[in-house]
Protein chains: 2
Amino acid sequence: MGAATHSRTHDHGHSHACRADPGTMVSRAETLCRARGVQFTALRREVLEAVAASERPPGAYDLAERLSRPGRRVAPVSVYRALDFLMELGLVHRIASRNAFVPCAHEHGAGENVVFLICRTCGGVDETTSPEVETSLGQTLARAGFTPAHSILEVEGDCGTCRRERAAGEA
Amino acid sequence: MGAATHSRTHDHGHSHACRADPGTMVSRAETLCRARGVQFTALRREVLEAVAASERPPGAYDLAERLSRPGRRVAPVSVYRALDFLMELGLVHRIASRNAFVPCAHEHGAGENVVFLICRTCGGVDETTSPEVETSLGQTLARAGFTPAHSILEVEGDCGTCRRERAAGEA
DNA sequence: GCGAGGTTGTTACAGTGTATCACCCCGCGA
DNA sequence: TCGCGGGGTGATACACTGTAACAACCTCGC
């Protein structure tokens, strides 16, 4: 995907590895938590790493299962709490149309909107920002007399890689 | 809300009545079904009427409850089937961020995107279209090399009426 | 009449998310 | 040192959302 998209799925030749480097995410989290005086606990770190490490956006129950081991069970409710925390910090986003979670690839400015590009073939999700959309949406809302607090924009379709692969397959 | 917004919540002085005239919706449905040679059954009509008549977007279970009477129980699964049917026809939309359903106020062209304006105060949902957003989103997607199939855009905030009411209340 | 296809009823179940309470850990002040 | 308080986690239970599978029905056309 293009350079402007802060690609998280990189150039995957379908050898998906990770969508965001877990180490980098953890560093950002630590910095943020220190700044805000909140705790970055082991569970929160593990949940963040798991989200960052998965190729496709996991659900809360996926994460719970992935973090559980013979000696230690992580209940979904704990995962939800950690996810809420991470979303509060802007390190994770929720994909409403999938009930799934993605690591946030950006250092957002506050209130900045993002566009999620959800590939229906490979299941990957890319995240991008768009000033044009931002301004045109602002105009539309103003015309409607609506004061936005928060918005979600999710597009389902085919990412460039999958489209090319399909075209090659059909040839 | 503005004239361009195909307002469904009209000028509610919080005496909400209906978001779309059920009779009109039913007429459109009948026409559409005849044209496509599919059945517009009693259940489908009742579900459509119930969605059209409620001030705030109902969930599937709300509808099931509302349509059930002492002598006749409508199971959620039946409601889901009717809703799927109505969505197929473009008569109803699903609000992903709320797990709720709204009647579609437009006669859409196919593939036309809509913007949902969800008021967090009164819970009403308005629906509008925006050519500007459409084109700017198209540009963004093209730049990302992404082929869209379908997109959702939901904005949560305060509608004009509620904002004015709040301002008046604070004064 | 009778078969075929579509619609609905019914039950069961999977998936998603929240409420509640108990416990633990750690820091802080008496 | 003890007790206290607050945030975090564990555990259970539950509510809400959505789907699978199958039986019964209804209608339409032959």
Side-chain angles (χ1 to χ4, degrees), chain A residues 29-30 32-34 36-48 50-51 54 56-89 92-102 123 152 154, chain B residues 29-30 32-34 36-51 54 56-89 91-102 123 152 154:
Chain A
E30 284 169 343
L32 264 174
C33 289
R34 239 191 318 270
R36 300 203 190 184
V38 294
Q39 301 179 41
F40 189 58
T41 64
L43 178 65
R44 290 169 179 174
R45 179 176 45 70
E46 289 168 52
V47 170
L48 179 58
V51 173
S54 47
R56 301 140 59 99
Y61 280 66
D62 293 332
L63 292 168
E65 196 174 340
R66 217 170 291 180
L67 296 179
S68 292
R69 307 170 157 254
R72 177 218 186 197
R73 168 182 134 89
V74 177
V77 61
S78 298
V79 173
Y80 278 110
R81 287 191 286 229
L83 287 171
D84 287 343
F85 177 86
L86 296 169
M87 285 192 288
E88 190 74 22
L89 263 57
V92 166
H93 290 303
R94 182 182 142 81
I95 307 291
S97 60
R98 296 280 178 117
N99 297 324
F101 301 85
V102 291
I152 66 176
E154 300 175 9
Chain B
E30 284 169 344
L32 263 173
C33 288
R34 238 191 318 270
R36 300 202 190 184
V38 294
Q39 303 178 40
F40 188 58
T41 64
L43 178 65
R44 290 169 180 173
R45 178 177 45 71
E46 288 167 54
V47 169
L48 179 58
E49 286 172 343
V51 172
S54 46
R56 300 141 58 100
Y61 279 65
D62 293 333
L63 293 168
E65 196 173 340
R66 217 169 292 180
L67 295 179
S68 293
R69 305 169 158 255
R72 178 214 185 200
R73 167 183 137 87
V74 177
V77 63
S78 298
V79 174
Y80 278 111
R81 287 191 286 227
L83 288 170
D84 287 343
F85 176 86
L86 296 169
M87 285 192 287
E88 191 73 23
L89 262 58
L91 292 165
V92 166
H93 291 302
R94 183 181 141 80
I95 307 292
S97 60
R98 295 280 178 118
N99 298 323
F101 301 85
V102 291
I152 65 176
E154 301 174 10

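In what follows, chains are A, B, ... by sequence order, proteins preceding strands, each numbered from 1.
- Distance CZ (A/Arg45) to P (D/dT9): 11 Å, rounded to an integer number of Å.
- Ion pairing of A/Glu46 with A/Arg69 is absent here, as no side-chain N (NZ or NE/NH1/NH2) approaches a carboxylate O to less than 4.0 Å.
- Within 6.0 Å of atom CD in B/Glu88, 12 or fewer heavy atoms from other residues, nucleotides or ligands are found, so the atom counts as exposed in its surroundings.
- The CZ atom of B/Phe40 sits 13 Å away from the P atom of C/dT7 (whole-angstrom rounding).
- Atom pair A/Arg98:CZ and D/dG18:C1' shows a separation of 16 Å (rounding to whole Å applied).
- With contacts defined as side-chain heavy-atom distances shorter than 4.5 Å, the pair A/Arg94/A/Asn99 qualifies.
- Closest non-hydrogen pair, B/Gln39 versus B/Arg44, comes out as O-NH1, 2.8 Å.
- In this structure, the CE atom of B/Met87 is 11 Å from the C1' atom of D/dG18, given to the nearest Å.
- DNA chain D is contacted by both A/Arg44 and B/Gln39; A/Arg44 maps to the nucleotide lying nearer its 5′ end (nearest heavy atom per residue).
- When each of A/Val79, A/Leu63, A/Leu86 is tested with A/Val51 by the rule side-chain contact (heavy atoms from CB on, under 4.5 Å), just one qualifies, namely A/Leu63.
- Between B/Phe85 and B/Cys33, the shortest heavy-atom distance links the atoms CZ-SG, 3.9 Å.
- If you check residues 66-78 of chain A against DNA chain D, the residues with a heavy atom closer than 4.0 Å are A/Arg73, A/Val77, A/Ser78, listed by number.
- As a whole-Å value, the separation of A/Leu43 CG from C/dC24 P is 18 Å.
- Summary of the strand contacts: B/Tyr80 and A/Tyr61 both lie near DNA chain D, and taking for each the nucleotide with the nearest heavy atom, the more 5' one is attributed to A/Tyr61.
- A close approach under 4.0 Å does not occur between any side-chain nitrogen or oxygen of A/Asn99 and OP1 or OP2 of C/dG15.
- The two atoms that bring B/Val47 and B/Leu67 nearest to each other are CG2-CD1, 3.6 Å, heavy atoms only.
- The distance between atom CZ of A/Phe101 and atom C1' of C/dG15, rounded to the nearest whole Å, is 13 Å.
- In this structure, B/Arg34 does not pair ionically with B/Glu30, as no charged nitrogen and carboxylate oxygen lie closer than 4.0 Å.
- For the helix from C/dG1-D/dC30 to C/dA30-D/dT1, the rotation axes defined at the first and last 5 base pairs enclose an angle of 10°, given to the nearest 10°.
- C/dT16 atom P lies 7 Å from atom CG of A/Asp62, rounded to whole Å.
- In terms of polar N and O atoms assigned as donor or acceptor, the side chain of B/Arg81 never comes within less than 3.5 Å of the base of C/dG6 in a complementary pairing.
- If you take CD of A/Glu46 and P of D/dG8, they are 16 Å apart, rounded to a whole angstrom.
- The backbone N or O of A/Ala96 lies less than 3.5 Å from a partner atom in the side chain of A/Glu154, making a donor-acceptor pair.
- Note on B/Arg94: only backbone sugar-phosphate atoms sit closer than 4.0 angstrom, heavy atoms only; bases stay farther off.
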